Amino acid sequence: MNDISTMIKVPEYMALGKPIVQFDLKEGRFSAGDASLYCDNNDQVRDFANKILWLLDHPEERQRMGVYGRRRVEQRARLEVFSKEFDRGIRSCL
């Protein structure tokens, strides 16, 4: 079920402007987009560690990913945006 549901930590990290390293799951990729690096499914633990080390060595990329994630959350998860989508969904059910 984790592969198709958003874990709250992903948008929280994005809202804080943090780059993300995560396992390559459908919902994680949908939520984070380019704010995240995704681990190779064949060697997850080693690749996860390598991606963290890569981010430590690339501060400009960490910054870019953090800014991208923050903007993505602001555009998609603001209360104004969410409430319009929620209202539209409710009205479609009536």
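All of these numbers come straight from a predicted model, not from anything done at the bench.
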Minimum heavy-atom distance between [X] and [Y], given as atom pair plus value:
X     : Y     : result
Val73 : Pro11 : CG2-O, 3.8 Å
Gly69 : Ala35 : CA-CB, 3.6 Å
Tyr38 : Lys51 : O-CE, 2.9 Å

Straight-line distance of [X] [atom1] to [Y] [atom2], nearest 0.5 Å:
X     : Y     : atom1 : atom2 : result
Asn41 : Phe23 : CG    : CZ    : 9.0 Å
Phe30 : Arg76 : CZ    : CZ    : 4.5 Å
Lys9  : Leu16 : NZ    : CG    : 14.0 Å
Arg62 : Lys18 : CZ    : NZ    : 9.5 Å
Asn50 : Leu55 : CG    : CG    : 11.5 Å
Gln22 : Gln44 : CD    : CD    : 11.5 Å

Please lay out, stage by stage, how Asp24 and Arg29 fare under the test side-chain contact (heavy atoms from CB on, under 4.5 Å). CA-CA 7 Å; Asp24 194 5; Arg29 189 173 283 276; 2.9 Å; yes
Checklist entry - Counting only heavy atoms not in Arg64, do more than 12 fall under 6.0 Å of its CZ? => result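 More than 12 heavy atoms, drawn from other residues, nucleotides or ligands, come within 6.0 Å of this atom.
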Polar side-chain atom of Arg70 near backbone of Ala15 as donor-acceptor pair, under 3.5 Å: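 Looks like yes, one N/O pair under 3.5 Å.
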field: Asp40 side chain to Asp47 backbone, donor-acceptor under 3.5 Å
entry: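 Absent.
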According to a hydrophobic-cluster definition based on side-chain heavy atoms being under 4.5 Å apart (Ile, Leu, Val, Met, Phe, Trp, Tyr only), do Val67 and Met65 belong together?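 No; tracing contacts between hydrophobic side chains, which count when under 4.5 Å, never links both residues.
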Checklist entry - Same cluster for Phe48 and Leu37 if Ile/Leu/Val/Met/Phe/Trp/Tyr side chains link at under 4.5 Å? => result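 In one cluster with Phe48: Leu37, yes.
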